[in-house]
Amino acid sequence: MTKRPLPYPVPQRQAPAERPAAPEALGAYPRVRMRRNRADAWSRALVAEHRLSAADLIWPVFVHEKPGREPIPSMPGVDRLGLGPLVEAAGEARALGIPAIAIFPATPNARKTEDGDEALNPDNLVCGAVRAVKRAYPDLGVICDVALDPYTTHGHDGLVRDGEIVNDETVAVLCKQAIVQAQAGCDVIAPSDMMDGRVGAVRDALDRAGFAHTRIMSYAAKYASAFYGPFRDAIGAVSNSPGNKRDKRSYQMDSANSDEALREVALDIAEGADMVMVKPGLPYLDVVRRVKETFGVPTFAYMVSGEYSMLRAAADNGWMDGEAAMMEALLGFKRAGADGVLTYFAIDAAKKLKQG
Ligand code: PBG
């Protein structure tokens with residue numbers, strides 16, 4: 001490996017005669033004191049390179065068909081919301097300066113089928129939720145996933161034929177799902193299925209249906225991850241039903257790869273994505289950095305359910321200061337180059353930012 005030059009000059013050792021008086025222990029560099037700027041809150045604020053604001057946050061919320069709220073066991077502090085509580089929550093997010101929410105449906109098992117037909121029902125849970133939020137708060141951004149996993153009995157994001165998750169046939173259904181959601185008033189379509197070619201196909205379908213202004217935020221570099229566990233609990237989706245030859249690793253990315261993430265992102269941009277996403281977040285900050293530096297497009301990171309639950313559990317057990325850890329983790333995304341973060345902590349973080 002060739003050694004890269006440092007991006008700053010390294011101070012040269014001075015002749016002892018020119019050196020000002022300093023304790024012997026400091027050796028050659030008595031003038032360089034990195035701690036001066038760190039000494040007070042005001043000077044730390046002055047030299048801070050990155051900042052988190054409420055405008056950087058997207059809040060993912062879970063909806064169910066019942067009227068009230070229902071706790072999600074593996075995500076303490078996060079509830080499934082009925083339409084009333086959802087609209088209330090949307091109002092709170094908006095008041096705190098959060099620009100957008102992402103709505104995920106916990107579809108009752110009775111409505112799930114092998115092919116996930118409920119995804120195309122214009123009166124399904126997610127479409128009703130979008131209409132309710134947009135009616136109350138037309139200026140709050142609403143994001144919906146395009147993928148079949150909330151609607152299929154097997155929990156896959158696509159159609160299963162002979163144990164295979166089939167690509168092209170799935171993409172045709174995803175295009176219809178995107179249109180149904182756009183018709184309900186969804187502002188941003190977020191394909192999270194990882195089928196090949198779906199961003200371009202969804203863009204064409206939206207344009208042809210008169211939704212040229214509906215944005216696409218693609219889950220461009222989405223890894224097959226154990227950190228999605230609590231999410232599947234939240235929406236009641238199975239990870240993989242027995243009998244399938246393939247699991248989610250046959251379409252989501254291998255966590256060993258980051259060059260491949262750049263290819264995925266390049267394709268999605270070429271196909272018409274307005275914004276791209278890396279998911280999960282904290283274990284993949286290197287990917288966030290590479291994507292932002294390589295393409296310079298609006299880049300988001302999804303701090304997923306397992307990342308939320310892991311911080312939350314440690315905080316709830318008194319093992320660390322949960323609020324400080326939350327703010328540190330979220331700032332880490334900004335430092336890595338993300339323009340924004342999808343996080344279940346959005347409300348807590350926005351409240352914390354407001355109180356300063
Ligand atoms: C569905 C989807 C998943 C997540 C977002 N959209 C799960 C999956 O792909 O299995 C995970 C989000 C989270 O864990 O918070 N395609």
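This is a predicted model, so every value here is computed, not measured. Whatever order the structure lists ligands and atoms in, that order sets their numbers, starting from 1.
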message = Heavy-atom distances under 4.0 Å decide this one: backbone, side chain, both or neither, for V304 against ligand 1?
response =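 The part of V304 near ligand 1 is both the backbone and the side chain.
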query = Does ligand 1 have a heavy atom under 4.0 Å from the side chain of Y308, from its backbone, from both, or from neither?
reply = neither
Nearest 0.5 Å please: distance from the [atom1] atom of [X] over to the [atom2] atom of [Y].
X	Y	atom1	atom2	answer
I101	I143	CD1	CD1	9.0 Å
R94	Y137	CZ	OH	7.0 Å
R111	E118	CZ	CD	5.5 Å

Answer yes or no: is there a side-chain heavy-atom contact under 4.5 Å between [X] and [Y]?
X	Y	value
M320	L311	yes
D187	K134	yes
Y223	K279	no
L96	K351	yes

Near [X], which atoms of ligand 1 are under 4.0 Å from a heavy atom of that residue?
X	answer
K279	2 (C), 3 (C), 4 (C), 5 (C), 6 (N), 11 (C), 12 (C)
K248	8 (C), 9 (O), 10 (O)
D149	1 (C), 2 (C), 16 (N)
Y302	12 (C), 15 (O)
K222	1 (C), 2 (C), 3 (C), 6 (N), 8 (C), 9 (O), 16 (N)
S192	1 (C), 6 (N), 16 (N)

task = Check the surroundings of atom CZ in R335: do more than 12 heavy atoms from other residues, nucleotides or ligands lie under 6.0 Å from it?
result =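 Not more than 12 within 6.0 Å, no.
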query = Is it true that atom CD of Q355 has more than 12 heavy atoms of other residues, nucleotides or ligands lying nearer than 6.0 Å?
reply = yes
key: Set of side-chain hydrogen bond (donor to acceptor under 3.5 Å, both in side chains) partners for E293, sequence neighbours left out   =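 E293: side-chain hydrogen bond (donor to acceptor under 3.5 Å, both in side chains) contacts with R289.
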key: Listed partners of D254 passing side-chain hydrogen bond (donor to acceptor under 3.5 Å, both in side chains), at least two apart   =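 Once residues adjacent in sequence are excluded, D254 has no partner under the side-chain hydrogen bond (donor to acceptor under 3.5 Å, both in side chains) criterion.
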Identify the protein heavy atom lying closest to [atom], giving its residue, its atom name and the separation to 0.1 Å.
atom	result
atom 16 (N) of ligand 1	D157 OD2, 2.6 Å
atom 12 (C) of ligand 1	F231 CD1, 3.3 Å
atom 14 (O) of ligand 1	S305 OG, 2.7 Å
atom 6 (N) of ligand 1	D145 OD2, 2.8 Å
atom 10 (O) of ligand 1	R232 NH2, 2.6 Å

query = D193 to ligand 1: N or O pair under 3.5 Å?
reply = no
Within-shell test, [X] vs ligand 1, heavy atom, strictly < 4.0 Å:
X	value
Q252	yes
E307	no
Y344	yes
M194	no

